[in-house]
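Quick notes on the structure that follows.
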Amino acid sequence: MNNEQTYLDSLFEKYLHAKRIFKHKEVLRHSYTPKELPHRREQIETLAHILVPVLKGETPSNIFVYGKTGTGKTVTIKFVTEELKKASKKYSVPVDVIYLNCEVVDTQYRVLANIVNYFKHESGFEVPLVGWPTDEVYSRLKEVIDAKERFVIIILDEIDKLIKKNGDDILYNLTRINTELQNARVSIIGISNDLRFKEYLDARVLSSLSEEEVVFPPYDASQLRDILEQRAKYAFNDGVLDAAVIPLCAALAAKEHGDARKALDLLRVSGEIAEREGAEKVLERHVRKAQEKIEHDTMEEVIKTLPLHSKLVLYAVVVLDENDALPANTGEVYVVYKEICEALDVEPLTQRRVSDLINELDMLGIINAKVVSKGRYGRTKEIRLNIPAFKVKNMFRRDYHLQSLLAMDFLKQRRLFA
DNA sequence: CCTCCACAGGAACAGGTGGGAA
DNA sequence: TTCCCACCTGTTCCTGTGGAGG
């Protein structure tokens, strides 16, 4: 047998094994809506109960839904509203469900524009993504919605993001829109990860938005196990999962506030790693590898796409870390940052701006910035690095600006904290 | 109890981009 | 083309503040 032949054999061999792991991988993606939602019966019933007046031609209450990430809020709402749409056909009540994710659609203008554009096939016009005055879009919205008798359910997912950035004007407008409509009725379902977000709301808005509240508690490990098992049945071929795999994925995800999304990602990536290795079964060690890979990949993606000055600020924190100068305060980070800018011949930003960049890095989980008061010695942030310095440097190694910085071994030459 | 540090973080504004409309 | 608008980055100027040390 010649080399070419062996190569071809192993090529097919690998392919065969690869086929053995997954049956329907897409079942493990979070965009997939399963036909059954384990451990969410109570929430489904509550939501159905709140929405059922629609079928009798009455306006349902607005709903406020909250729970941490990966507790099944979005998937449950989508499921229930889908069912409602099916039922509404039977009773011939026209219902439109508009789903908006406020992480993407994150201004009052975009929310309104998206709603108007939802009806573009019916109304025949479209609002541009920028350009119009907001109140014009709003009156166009009323016109379009009110064109006939119907119920419009607007789902605002991650509504906290929208409010934190823009205040509660949108909600104020949307919650009282019914008083200005003749034919149509609008109700709103707000979904939030953050319970404290209610503090940002005006009392009137709050009382009208949270006429009904539905809470999604985190899943515990055994519930996560049920969810994974249900999906694994369709996703994987029989017998390819080692008995320890699902419990481990569930346990790891349960540790992080019972996040089902995380659990599904772990299971999927474990399968992918096993597949790539050409293994016949998914084993515990694949899950461990998957966890590392997920963590590393998301962090790397975030850091790579950071704007230049955020990278420089982060690099300043790395330098401080390597000088054992952490936790540092804002002033110290700013001093190092300015030196880095000078070394690279880049115009530094003001401290005010850098302070905001530090907050952004904190939000991304790359660093940790806690506001502390040191009494006589002022009020500042205590800044720490959340990932090992060498990992950050490795990610920077491919960055055009920072390469030179690493090459000149900035840290040692400058002797910043001798 | 008061002071005063070293900032936090809000407000107003400037300048630029990218898009639609007349 | 020119004008308008939303939105972003960034600056300047500013007021507010928790708590150690006097």
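Residue numbers begin at 1 in each chain, while the letters A, B, ... track the order of the sequences. As the structure is a prediction and not an experimental result, all values here were calculated from the model.
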Report task. If a pair satisfies salt bridge (Lys or Arg N to Asp or Glu O under 4.0 Å) and one of its residues is in residues 102-112 of chain A, list it, with sequence neighbours excluded. Result -> A:Glu103-A:Lys161, A:Asp106-A:Arg110, A:Asp106-A:Lys165
Side-chain donor-acceptor distances from residues 42-61 of chain A under 3.5 Å, at least two apart:
from	atom 1	to	atom 2	distance (Å)
A:Gln43	NE2	A:Val215	O	3.0
A:Glu45	OE2	A:Arg41	NH1	3.4
A:Thr46	OG1	A:Glu42	O	2.7

Requested in this report: Go through the structure and list residues passing side-chain contact (heavy atoms from CB on, under 4.5 Å) with A:Ser222, not counting sequence neighbours.
Outcome: A:Asp220, A:Arg225
Query raised in the report: Which pairs pass ring-ring contact (aromatic ring centres under 6.0 Å, His included) with one or both residues in residues 73-100 of chain A, sequence neighbours excluded?
Result: none
Query - A:Phe236-A:Phe22 aromatic ring centre distance below 6.0 Å - result: yes
Side-chain atoms of residues 178-185 of chain A: list all donor-acceptor pairs with protein atoms under 3.5 Å, sequence neighbours left out, distances to 0.1 Å.
from	atom 1	to	atom 2	distance (Å)
A:Asn178	OD1	A:Val186	N	2.7
A:Asn178	ND2	A:Val186	O	2.9
A:Thr179	OG1	A:Arg176	O	2.7
A:Glu180	OE1	A:Lys142	NZ	2.5
A:Asn183	ND2	A:Asp146	O	2.8
A:Arg185	NH2	A:Asn178	O	3.3
A:Arg185	NH2	A:Leu181	O	3.2

Requested in this report: When you get a sec, tell me which of C:dT17, C:dA20, C:dG19 is the closest nucleotide to the side chain of A:Arg379?
Outcome: C:dT17
Report task. Identify, with sequence neighbours excluded, every residue that meets side-chain hydrogen bond (donor to acceptor under 3.5 Å, both in side chains) alongside A:Glu256. Result -> A:Lys262
Query - Partners meeting side-chain hydrogen bond (donor to acceptor under 3.5 Å, both in side chains) with A:Asp356 (sequence neighbours left out) - result: A:Arg352
Counting only pairs under 3.5 Å, give me each side-chain donor-acceptor contact of residues 384-392 of chain A, with atom names and distances, residues two or more places apart or in other chains.
from	atom 1	to	atom 2	distance (Å)
A:Arg384	NH2	A:Glu382	OE1	2.8
A:Asn386	ND2	A:Gly365	O	3.1

Query raised in the report: For DNA chain B, what residues of residues 348-360 of chain A have any heavy atom nearer than 4.0 Å?
Result: A:Gln351, A:Arg352, A:Ser355, A:Asn359
Please enumerate all protein N or O atoms sitting under 3.5 Å from an N or O of nucleotides 4-8 of chain C, with distances to 0.1 Å.
from	atom 1	to	atom 2	distance (Å)
C:dA6	OP1	A:Thr134	N	3.3
C:dA6	OP1	A:Thr134	OG1	3.3
C:dC7	OP1	A:Thr107	OG1	2.4

Report task. Output every pair passing side-chain hydrogen bond (donor to acceptor under 3.5 Å, both in side chains) with a member in residues 263-273 of chain A, not counting sequence neighbours, ordered by first then second residue. Result -> A:Lys25-A:Glu272, A:His30-A:Asp265, A:Asp265-A:Arg268, A:Arg268-A:Glu272
Report task. Anything under 4.0 Å to a heavy atom of chain A counts; send over the first and last such nucleotide of DNA chain B, read 5' to 3'. Result -> B:dT3 to B:dA21
